[in-house]
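Here is the structure we will look at, set down as structure tokens.
Sequence lines set the chain letters: A, B, ... in the order given, protein chains first and strands last, and positions in each chain run from 1. Just so it is clear, the model here is predicted, and its values are computed rather than measured.
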Protein chains: 2
Amino acid sequence: MTDLDIAEVARRTGVPPSTLRYYEERGLIASTGRRGLRRQFDPGVLERLGLIALGRSAGFSIAEMTRMFTPLGRPEIDRRVLAARADEIDRTIRELTAVRDSLRHAAECPAPSHLECPTFRRLVRTAAAGASRAAPRPALPRRRRAAEAG
Amino acid sequence: MTDLDIAEVARRTGVPPSTLRYYEERGLIASTGRRGLRRQFDPGVLERLGLIALGRSAGFSIAEMTRMFTPLGRPEIDRRVLAARADEIDRTIRELTAVRDSLRHAAECPAPSHLECPTFRRLVRTAAAGASRAAPRPALPRRRRAAEAG
DNA sequence: GTTTCACTTCAAGCCGACTTGAGGTCAACG
DNA sequence: CGTTGACCTCAAGTCGGCTTGAAGTGAAAC
């Protein structure tokens, strides 16, 4: 048997065992069995975890990915869903570009206080409008501590 | 007095009263007083809330913004902090661009299953590497229900 | 055969940014 | 002067994605 121990999977992917157990519990990955207590995984889980990482980066929730992945491990994903998410990411990129530009402007603007700068005031008003018009969401992810990967 | 009632501020900004109270509690905004029970705000709070919206979009936490804003309402923000955040957003944009391209590819790739497509496999491996190398963070914000703004 | 110790389960905790609910108050309207 | 109802406070709840802690187990090393 070429199966991998959970510790080995963790080591090779950088995904902590607790997360692997959590993913299994949520139905995102499946273990092939146990050696004693320890979960064993098919090596294909490595690629699957890569896919999951990609999905997470794309903003899919665990629940969504569970739905997208068929039970048998072959993700037969609706291509329209992917295209729609790509479009959504495009929109986010545009928003972030605007925010970045605001920040750069604020960083470089010579006005003594930012609020005295007409350009910045306009940018702020735009942000406010966007915030109330669309959704009160943080356009950027929470920043976390980096995980030291193996 | 030209002060605005909390309800008026909520109406004009789309920020719910509960959030305004929360912001005040966290020291992000200050009310000028009360009319009876009701908080009154200087009209300047509108611009400040715009600034807060911009900051949130830029990924600053409430705590960070509280630190950035001086007590007197004039955000005297360290320009290096802004520039650094702009750079960080730039990095996020590049990540998201890669993810978006992966999704588009997956949406258009004719391979019967995505994992049979070499290009996609490569992209997935990249995502996995990125995920373990940097931080296991969702590169995209949680999507929430939109707030119907006034 | 005993110890070791990484794994196991299960429930609970954490984080951030708010929201919600219960119970209270007070300006204004009639 | 009484009712109304939007505000108030404070504590607790929500959401997602995990992590953590206590208590248990079993394969492997000695």
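Computed from coordinates, the M65(A) CE to dG16(D) C1' distance equals 14 Å when rounded to whole Å. Between L20(A) atom CG and dA6(C) atom P there is a gap of 17 Å when expressed in whole angstrom units. Q40(A) places its CD atom 13 Å from the C1' atom of dA6(C), with the value rounded to the nearest Å. Atom-to-atom, CZ of R21(B) to P of dT25(C) comes out at 16 Å; the value is rounded to the nearest Å. The separation between F41(B) atom CZ and dC8(D) atom C1' is 13 Å, rounded to whole Å. As a whole-Å value, the separation of E25(A) CD from dA11(C) P is 10 Å.
Here the nucleotide nearest the side chain of T19(A), chosen from dT19(D), dT9(C), dC8(D), is dT19(D). Comparing dC8(D), dT19(D), dC18(C) by their nearest atom to the side chain of R34(B) picks out dC8(D).
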In 5'-to-3' order, the base (B), backbone-only (S) or no-contact (-) status of each nucleotide in nucleotides 21-30 of chain D, using a 4.0 angstrom heavy-atom cut-off, is ---BB-S---
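Side-chain N/O atoms of R39(B) include none lying less than 4.0 angstrom from OP1 or OP2 on dA6(D). Taking side-chain N and O atoms only, R11(B) has no distance below 4.0 Å to OP1 or OP2 of dA6(D). Taking only side-chain nitrogens and oxygens, Y23(A) never comes nearer than 4.0 Å to OP1 or OP2 of dG17(D). In this model, the phosphate group of dG16(C) is not approached by any side-chain N or O of Y22(B) to a distance below 4.0 Å at OP1 or OP2.
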| said: For E24(A) and R21(A): C-alpha separation, side-chain torsions, deciding distance, then whether salt bridge (Lys or Arg N to Asp or Glu O under 4.0 Å) applies. | reply: CA-CA 5 Å; E24(A) 188 185 25; R21(A) 283 191 282 270; over 6 Å; no
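R26(B) pairs by the side chain to side chain donor-acceptor pair (under 3.5 Å) definition with Y22(B), not counting sequence neighbours. The salt bridge (charged side-chain N to carboxylate O under 4.0 Å, His left out) test applied to R94(B) returns no partner, not counting sequence neighbours. In this view, E108(B) satisfies the salt bridge (charged side-chain N to carboxylate O under 4.0 Å, His left out) rule with no residue, not counting sequence neighbours. Under the side chain to side chain donor-acceptor pair (under 3.5 Å) criterion, D90(A) pairs with R100(B), R104(B), sequence neighbours left out. Remark: T119(A) engages no residue in a side chain to side chain donor-acceptor pair (under 3.5 Å) (not counting sequence neighbours).
When the nearest nucleotides of DNA chain C are assigned to I6(A) and R26(B) by heavy-atom distance, the more 5′-ward of the two goes with I6(A). Toward the 5′ end of DNA chain C lies the nearest nucleotide of E8(A), the other residue of the pair E8(A) and I62(B) mapping further downstream.
The residue A7(B) sits close only to the backbone: its heavy atoms come under 4.0 Å of sugar-phosphate atoms, none of a base. Contacts of P17(B) with the nucleic acid, taken as non-hydrogen atoms under 4.0 Å apart, are absent.
Comment: R67(B) does not engage E64(B) in a salt bridge, judged by the lack of any side-chain N to carboxylate O separation of less than 4.0 angstrom.
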